[in-house]
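Proteins get letters first, then strands, A, B, ... in listed order; numbering begins at 1 in each.
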Amino acid sequence: MERVGVFICHCGSNIGAVVDCARVAESVKDYPGVAFSTDYKYMCSEPGQEMIQNAIREHNLNRVVVASCSPRMHEKTFRACVAKAGLNEYMFEMANIREHCSWVHAGRNEEATEKAIDLVKMAISKVCNNEVLMKGHAPVTKRALVVGGGIAGIQCALDIANNGYQVDILERTPSIGGKMSQIDKTFPTIDCSACILTPKMVEASSHPNIKLITFAELEKVDGYVGNFEVTIRSKARSVDMSKCTGCGTCMTKCPGKADDEFNMNLRKRTAIYTPFPQAIPNKPVIDRESCLKFKSRKEGKDVCGVCAKLCPAGAIDYEQQDELFTERYGAIVMATGYEQFDHSIYGEYGYGKYPDVISGLHFERLVNASGPTQGHIVRPSDHKEPKTVVMVKCVGSRDPEHGKSYCSRTCCMYTAKQATMIRDHCPDTKVYVFYMDVRTPGKLYDEFYNRTREEYGVEYIRGRVSKIYQDGETLRVKGEDTLLGRQIEIDADMVILANAMIPNPDSERMAQIVGIGYDKDGWFTESHPKLGPVETHTAGVFLAGACQGPKDIPDSVAQAGAAAVKVCALLSKDQLETEPTVSKVDNKLCSGCGLCVPVCPYKAISLETIQERVAGKTIERQVANINGSLCQGCGACTVTCRSGAANLKHFTNAQILAEVDALCQTIL
Amino acid sequence: MDYAYFPGCSLESTGIEFHMSAKAVTKALGINLIEIPDWNCCGASSAHTRGHWISLALPARNMAIAEAAKLDVAIPCAACYARSKQVEVEVSQSAETRAKIEEIIGRPYKGESKARNLTDILYRDLGVDKIAAKVVRPLDGLNVLTYYGCLMTRPPELACDDVEDPVSLDEIMKALGANVLQWGFKTECCGGSLTACRPKVGLDMTQKILDAAIKAGADCIVTACPMCHSNLDMRQAQLAKHDHNYHMPVFFITEMIGLALGMKQKDLGVDRHFIATEEVMCKLEEYEQEQIQKMMNEGGEA
Amino acid sequence: MSNAFVYNFDQVQNEMRAMAKELLESGEATMVIGWEKGALPYQSTPVMIRSAEDVDKLIWDAYCQQNLSTYLIDYIYTDEKVAIFAKGCDTRAYNRLIQDNRIKAEKCIVIGVPCPGMKNAREAARLPENAEVPMANACKECRYPNPVVFDKRVGTDVTAWCTERDFSDVEAIEAMPADDKYAFWQSQYTKCIRCYACRNICPACNCTSCIFDQSASGWCSKDINASENQFYGVTRAFHVAGRCIECGQCEMVCPSEVPIMLMNKKFIKDIDSLFGAHEAGLDTNTPAPLSHFSVSDPEEFM
Amino acid sequence: MQFLEKSKLGVLLMQLNVQYRLLVPVEYKGLTQFAPYSQVEYGVSQFYLDGNVTVSPKTVYLPQSEAMYKFSAQGKKLAIEEMPALEHMQVLFGVRHCDTKAIACLDKVFLDEQFPDPQYKDKRDKTIVFALACNNPKATCFCESMGIDRAHADNSVADVQVYDLGDVYGFEAVSEKGKACLDGLTGLNEGASRLPDQKPQSIAFDAANLPEKLKDMFDHPIWDEYAFKCLNCGTCSYICPTCHCFDINNKMRGTTGLKLRTWDSCMFGEYTQMAGGHNPRPGKKERVRNRFLHKLQYFNEKHDMSLCVGCGRCIAKCPVNMDITKFIRQVIAE
Amino acid sequence: MSDNSVKTANDVAENFEPKILVFACNWCTYAGADLAGTSRLQYPPNVRILRVPCSCRVNPQFVIRAFQRGIDGVLVAGCHPGDCHYTTGNYYTRRRFLLINRMMEYMGIDPKRFHTRWISGAEGPKFQQVVTEMIEEVRAIGPNRKLRDDMKVTVNTDDIVASVEADTKVVADNV
């Protein structure tokens, strides 16, 4: 006999201001199955939860409905609450009368209350059909995978490894290090990026629990939390890692030439190369696009082979092919980082037409000691020291028309840092910065910005730049100074554009492979913007660093640590609780037609042979069998199954039909 | 490719060479221009100062005639293009404007036939490779600067090319083989009517453009607006009085295409400019000779 | 022209009897299921022959419509070896049951019989004794009169008299306005007395327990009105969508003469146009359209 | 006997329809059944006398789906609301004697002395039956073999006996109700009574000692031979005039609902499905055997009349053309 | 005709408030509706949202059941193909509802009454817009009287055919 307890929450004024909660509680008092109905200001609060628990005992309720906010928010909270009072946590339903009712029908109180009553009736009808469900258990592979070898990936891997768990770092480029390895100095302390990064890289490469899988990509992810089966494509390096000692002689004589992406194409590199001197693993890779041998093979010839001849360890292997291998993991951390916004769409800034208009990362390579200019700040066009430098901020950021609508958070600080470094290296160079706003949201950030203006004499002009064009030797920058209210033109020797941050261009494909959400700009979607920044909606997949949204190094490292703790929490369990809301087949109804087998995305359904006594004889027949731990509860099989044999627990056909009937408009 | 053709007043008077070269070039490139019968002035430079409805009604009448014949309208002059585009956009966006306009001009106009700038037709509809295919006398070695002015690129809703960084003239000139230089004055204002009523301000703007062109080392400037052409071409003599002697030839885009297609200067009206265009012509011939010369001796050896 | 004239029923009938006798005497089959003459000239009824002498009960005429494959389901748990005679559509029904895992091939012997197209028994009941009885609706559009799968066969293949389906009746309804369409279906389904003959005869409706036999499941009440009958009608059509072998038996056996095939043919038409032509039951490995998908399915829900 | 020209039948029916709620046999889009005469007036359906209707007049007394009472929950209490009785008297015109005999069988079940069924009784009392003598039976008819006189009403169901005498119709009151009804009609003129000549039936056999024969045939192999072809659909039991099994279920709308009585059929699996999964009649053989025996043996033993009235509907409409007469003849010949 | 005769079209003209049922997939559309809530995007209160794990859990029989219960419009909404939390769920939804939407139109139900749309967790405004548009469209064409399962109290031999004609006359949808 159903004895339902209904609890209507005011949520302070969020619901109470629009929905007449008392009337809702009153009107469902006599609804079939309801034994107790009340309302309270804050159901999710301590006293609120106690009220539920007392009501369960007093009125011996065997089902509870809470009408408050979205179940995506507090379903776990209330399930734990009813469980404490001895009620099975799945004998509980929520009605969303906040996000779906009071907040979206402000001012229409009467109709909102009617709607709330309907939603509560739906929840009551559904809960009357709920069954007691117990959480299942699934084994956990005590091993984590970090996708992306930037600072976030490295830090997360280190934190996991230091907790005693095996972790693999999967990096697409030949070496870990990511964007930070391209940066010269970091704000706000201007300490050298390589000095703080390379120790971490070495620590990661030498850590017993960490395995580096570089020059490899994510191919396919199957399975579920605790039991991911990840297929990785290890791209052909044409160098046998076991033999190569990293001596580098091959790189000295290689005739192949290609643009050095690491140095933002400011110089050339050899076909067989390591991205940067401190690369880890410090073993070269052959770029088959620019290697003379591979290019000639395309035309049927076979030339060069210098590196193979020179290599003392005989490590060069031209026949190496991509290989796919599968690995099992318990948790995955996405740390795929960011990319610089391609500002060539701003034709008016002359990118690509004028060599002296460069981006922030270009400047980092110029000012970096191991960069193409050995750290001398010179103009790419004629390698002369620039006397006036103009820096333009928000290129692509905060521009819904052509660029990205969001603020990229880090440009203000690295522009200030770069301005300081220019003034430091060439004291008599004049630096102008065009800005809309200066955002310094961190510790010691604003002090750093003020020092840039006061001590280093950087000229900040509040206004946008409308056009940059080559005017003889110099670049004429036309802009405006909104504080003085006049147009302004500066003849600059070099212009540095502070480009927006965008996610890794491959982020959407990887999100679909791993099965997590992403927003319209391609950033991975966290489970909750405030309360779950490092988790995703897919259990077992976590986020670290800029892949979740524009952020600087301190935030990335902090997030990496957070993600690591979540992973360790997951791996610390020998067994994982699996949601019981999975599909189950009723053998009596199943005719073994197998239509459901191909439908299951997790291949959880297989045809099993069972024995049965029919009319006095034991017979064998085939029925569908759903592996409860593989099934994730999507319900595709329940619709394909004509006889209703496959039913999704907690979302059964009877429950959904009851919810539809609760809205009944027809009259008898 | 059929279009209704609206020359506008300038192309019958100061910009006659734009009209002549436009007719010649479009015929050669297979674009059929059917002049709108009994077209009236689009009220470009002054109508909108007298009143909003008159400034819309004037171009609306021409567009309505073209719409009756179910043709889009090819308009070489940037000013006429801007006026016609505005009435097309306003009529198709609001029913009352359409009703009022239809009442004034006494004929139906739904805004379905589109106002199209001739340069935009050449660049987008025809395509540069079709033009390149027809080039007989490539303009190699000629350093040109393209000048768009205001009305082809502003305001954004009416513009026929990118507001900040227009490319249609550049691409056409490249297709003709010319060497297109870079400068910052593609979309700066040439002074417009200010060169007449407020010479001090207007001439200063024209001068800045000419100075930049000389600095960039251009042989000539290419434009697609009769007003800009007259300001840049005609005013050079006036500027000469202030001890600068300017000699920067200014061409229309259609003249350039005509020359590349091997047409005679007289037919294109190139000889009607204020600033003589001989240097550019003989530079082309010289270059041509060199080419023939080179081919001769290469030919000789092979 | 129904090609019954060319087709020699008696000759095939004798072959059937001989085949049955041979199978029973050799013990290859413990039972042969065919048709025998029913109470009326336009009625033939299934018959089970166990001994060789009774083979003469077997007849073969233009009214042997019942699909015998569904009977095989009753014997998969016995050690009977059942031989059945199967027309073109019956063999497709056999494939349907094999693919749905409801019968085991090793327990059945399918004797293929090329079919000239059965006569419309319902019309025959209305027409006077010796009138010319038209062919059954489904048989008019039959494209597979010859058996698509068989262990043994009798008779010689006939040439199919139709190459593609005729959706004119479906299109006629699609063209009707919404209210007329609803009135049509409502009046048809009001006649339905929910006897489930259409479900029990259908080879695609082969579930051990149908949702309409589980009144406790709450899917459909046992109340008889147009709404619940339509729920039954459209739900069954959806369940057999992509799996229906178009034998037309549902329509033939309905005591209220509800045009059930009009619903099935609508799904068939849409599946063909949306997901590519699909013929159910031609083999046992083509997956059912609704139990797989294609990434490039038409997108209408953006 | 009173006579009426055939052409005047429409007028007579109009009169009846004014005084009573007249139900006549109609054909509507292929389905023949009894329906209000107003439908024929509206031209929705066509008057159909040339053969027996597919759906028997059983629907008049035992509708396929009928509400027994309406219940609603007010707070914790339950309120029951009885269904109203028939507002006005009905006339059922054109019932043939196989169907009147069938109604007599239903009377045995529903008008039991101790527990008469109120709704059935209400309908029976308020309905005047005009029985029609059946001149040209269909090829599937075998009512005479089941001991039914096609011309005379030998049971308590018919109130008026109508004869189709070629050019005129003959009316003969049988019961008081019938006489009162006929008196209320005009246009009928008195005359000497005569009987229509009736064509013989093609199927004929003597079913007298059928029940005894069937007594010891429970495990006879004949059942396999017949039952194997049955599809267990409900066609025969739903269109059979004497099948009267029904199921009680309810239909809810929030807190109000209707207690429904709907037809059910012993051929359906769910009919004998018991809690716990057991089904005493799991297969076709048991169900076909049960249906035949109930019709031809069990009913006789209890009420001394056969539950099969030989209307032949099941022979006409069975999807697999099962023929009960062939079975009966085979049993007789045993 | 029984006592609870179906409302005739004209007595409903002005104050008709349609009731729309939305089957929302938990990971995308339900989250989109939540986002519409947190961003306070207002829309008329005619919508009732029913949460399902994935749009592929929605059985077309639920949609027909909704119309039987007198609901005026049904929206089935899920993640955009490719974004499904269960990777392939919404591809099956697409196949099923491409078919069943055409069948419902074929049965005479006004296509404005049933929609299938992809609404992601980030598309709060799109949820608001789709829902508001649907409510206005359904309000314009009045209550749905097709497929309604109003219990006809069969007092006497109120035979089936009579109810057909009564229904057909009354049922003209946009009379």
Result block: side-chain N/O donor-acceptor pairs under 3.5 angstrom for residues 483-491 of chain A, not counting sequence neighbours:
| from | atom 1 | to | atom 2 | distance (Å) |
| --- | --- | --- | --- | --- |
| E489(A) | OE1 | R476(A) | NH1 | 2.1 |
| D491(A) | OD2 | R476(A) | NH2 | 3.4 |

Within residues 117-132 of chain B, contacts to chain A at heavy-atom distances under 4.5 Å involve none
Cut-off 4.5 Å, heavy atoms of chain B, and the answer for Y349(A) is neither
Scanning both residues in full, the closest heavy-atom pair of K467(A) with E164(B) reads NZ-O, 4.2 Å
Smallest heavy-atom separation, D165(B) atom then E348(A) atom, equals CB-N, 3.8 Å
Applied to residues 405-435 of chain A, the ring-ring contact (aromatic ring centres under 6.0 Å, His included) test, sequence neighbours excluded, yields Y406(A)-W523(A), Y435(A)-Y460(A)
Listed by number, the residues in residues 176-197 of chain B that come under 4.5 Å of chain A (heavy atom to heavy atom) are Q182(B), W183(B), G184(B), F185(B), T187(B), E188(B)
>> Tell me if the CD atom of E261(A) is crowded by more than 12 foreign heavy atoms within 6.0 Å.
In response: yes
Q.
Atom NZ of residue position K298(A) - does it have more than 12 heavy atoms of other residues, nucleotides or ligands inside 6.0 Å?
A. yes
To the nearest 0.5 Å, atom CD1 of I345(A) lies from atom CG of D162(B) at 9.5 Å
